[in-house]
Amino acid sequence: MALSDSEVARQIKHMMAFIEQEANEKAEEIDAKAEEEFNIEKGRLVQQQRVKIMEHYERREKQVELQKKIQSSNLLNQARLRVLKAREDHIKAMLEDARVRLSKVASDKARYRELLVGLIAQGLYQLLEPVVILRCREQDVDLVKEALGPAIESYKKATKGTKEIKVTLDTEHYLGSDVSGGVELLNRSEKVKVTNTVDSRLDLIFGQMLPELRDILFGRNPNRRFTD
């Protein structure tokens, strides 16, 4: 039975409403899925960036901590160096003070003469040469001449007369004015020299006593394995 125009129009309208409803539902479904996917992707990106930010600040924190440690270590080392320098300066000041005091020994002629006897004799023992050139300060020439005889006698006595020796006082070359006293002894060719000045003896003794002096002045270092 044929449909009337009004029925056809109503059917078409019904079909269009159905299609539109289906389209709306599909669109809503697509929107919901897109929203869900968007939220998932957004969450993933946010989490990814959060991790990157956390890693970045962790690295920065580690760098800051490392810089603090380096700075602390540098400051500690600088402080230790300042302490060591202050100690060395104090020891040098002590050495200079001792040098000044020893320079005054020469003002006591009798005492200085006895010292020269020992210094000359000791130099002769070290050289063990038959011919020796002796040098001293220009102002000590007379005292050295007085000390020379006893020093040679002491040397001969120590060697039991088995060593002949001739000592010549060098009156052309003198020790420098900065020398506190004492003598230098040379063999005939002047290639071998024994420096037995007051300053050299002080340096030798001071060097030997330095570990002990450090312990007395600053206390024993528990980290020091050797004392020389």
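What's counted below: heavy atoms across the whole structure, side chains too, no hydrogens, waters or symmetry copies.
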### Query
Under 3.5 Å, is there a donor-acceptor pair linking the side chains of Gln47 and Arg44?
no

### Task
To the nearest 0.5 angstrom, please state how far the CD atom of Glu61 sits from the CE atom of Met54.
11.0 Å

### Query
Heavy-atom count around Glu22 CD within 6.0 Å, excluding the residue itself: above 12?
yes

### Message
Less than 4.5 Å apart, side chain to side chain, heavy atoms only: is that true for Leu115 and Val198?
### Response
yes

### Task
Decide yes or no on side chain to side chain contact (heavy atoms under 4.5 Å, CB included) for Glu29 and Lys33, but give the supporting numbers first.
CA-CA 6 Å; Glu29 182 181 345; Lys33 187 174 182 181; 5.6 Å; no

### Message
Let me confirm one number: the CZ-CD1 distance from Arg10 to Ile12, rounded to the nearest 0.5 Å.
### Response
11.5 Å

### Query
Between Asp31 and Glu35, is any pair of side-chain heavy atoms under 4.5 Å apart?
no

### Task
For side chain to side chain contact (heavy atoms under 4.5 Å, CB included), just list the numbers for Lys92 and Glu96, CA-CA rounded to whole Å, side-chain angles, deciding distance to a tenth of an Å, and then say yes or no.
CA-CA 6 Å; Lys92 288 179 181 178; Glu96 290 306 311; 5.5 Å; no

#### Entry: Option among Leu76, Asn77, Ile70 that satisfies the side chain to side chain contact (heavy atoms under 4.5 Å, CB included) test with Ser73
Asn77

### Task
Please examine the side chains of Ile133 and His173, heavy atoms only from C-beta on, and report whether any two atoms are closer than 4.5 Å.
no

### Query
Can we say Lys166 and Glu129 salt-bridge, meaning some charged N sits less than 4.0 Å from an Asp/Glu carboxylate O?
no

### Query
With a 4.5 Å heavy-atom cut-off, do Ile120 and Val144 have their side chains touching?
yes

### Main-chain N/O of Gln122 paired to Tyr155 side chain as donor or acceptor, under 3.5 Å
no

### Query
In the single-linkage hydrophobic clustering (I, L, V, M, F, W, Y; side-chain heavy atoms under 4.5 Å), do Leu186 and Val192 co-cluster?
no

### Query
In terms of heavy-atom contacts, does CD of Glu25 have more than 12 from other residues, nucleotides or ligands at under 6.0 Å?
yes

### Query
If you take all heavy atoms of Cys136 and Leu169, which pair is closest and at what distance?
SG-CD1, 4.1 Å

### Query
Any sub-3.5 Å donor-acceptor pair from Arg137's side-chain atoms to Tyr174's backbone N or O?
no

### Query
Near His14 NE2, under 6.0 Å, is it more than 12 heavy atoms from other residues, nucleotides or ligands?
no

### Minimum heavy-atom distance Leu116-Ala147, with the two atoms named
CB-CB, 3.8 Å

### Message
Can you tell me if Tyr57 has over 12 outside heavy atoms packed within less than 6.0 Å of its OH?
### Response
no

### Message
Quick one, Lys69 and Glu65 - any side-chain contact, counting heavy atoms below 4.5 Å?
### Response
yes

### Message
Let me confirm one number: the CG-CZ distance from Asp140 to Arg113, rounded to the nearest 0.5 Å.
### Response
13.5 Å

### pair Glu212-Asp215: side-chain heavy atoms closer than 4.5 Å
no

### Query
Which value, rounded to the nearest 0.5 Å, describes the distance between Leu124 atom CG and Ile165 atom CD1?
4.0 Å

### Query
When hydrophobic residues are tied together by side-chain contacts of less than 4.5 Å, even through go-betweens, does Val183 share a cluster with Leu128?
yes

### Query
Hey, what do you get for CZ (Arg188) to CG (Leu127), rounding to the nearest 0.5 Å?
13.0 Å

#### Entry: Option from Asp170, Thr197, Thr195 for which side chain to side chain donor-acceptor pair (under 3.5 Å) with Arg135 holds
Asp170

### Query
What closest approach, in Å, do Tyr125 and Ser154 show between heavy atoms, and which atom pair accounts for it?
OH-OG, 2.9 Å

### Query
Could you give the distance from CD (Gln78) to NZ (Lys85), rounded to the nearest 0.5 Å?
14.0 Å

### Message
Are Leu134 and Val141 connected into the same hydrophobic cluster when the rule is that any two of I, L, V, M, F, W, Y join if their side-chain heavy atoms are below 4.5 Å apart?
### Response
yes

### Query
Is any side-chain heavy atom of Leu217 less than 4.5 Å from a side-chain heavy atom of Arg87?
no

### Task
State, with a plain yes or no, whether a side-chain heavy atom of Lys157 is found less than 4.5 Å away from one of Glu153.
no

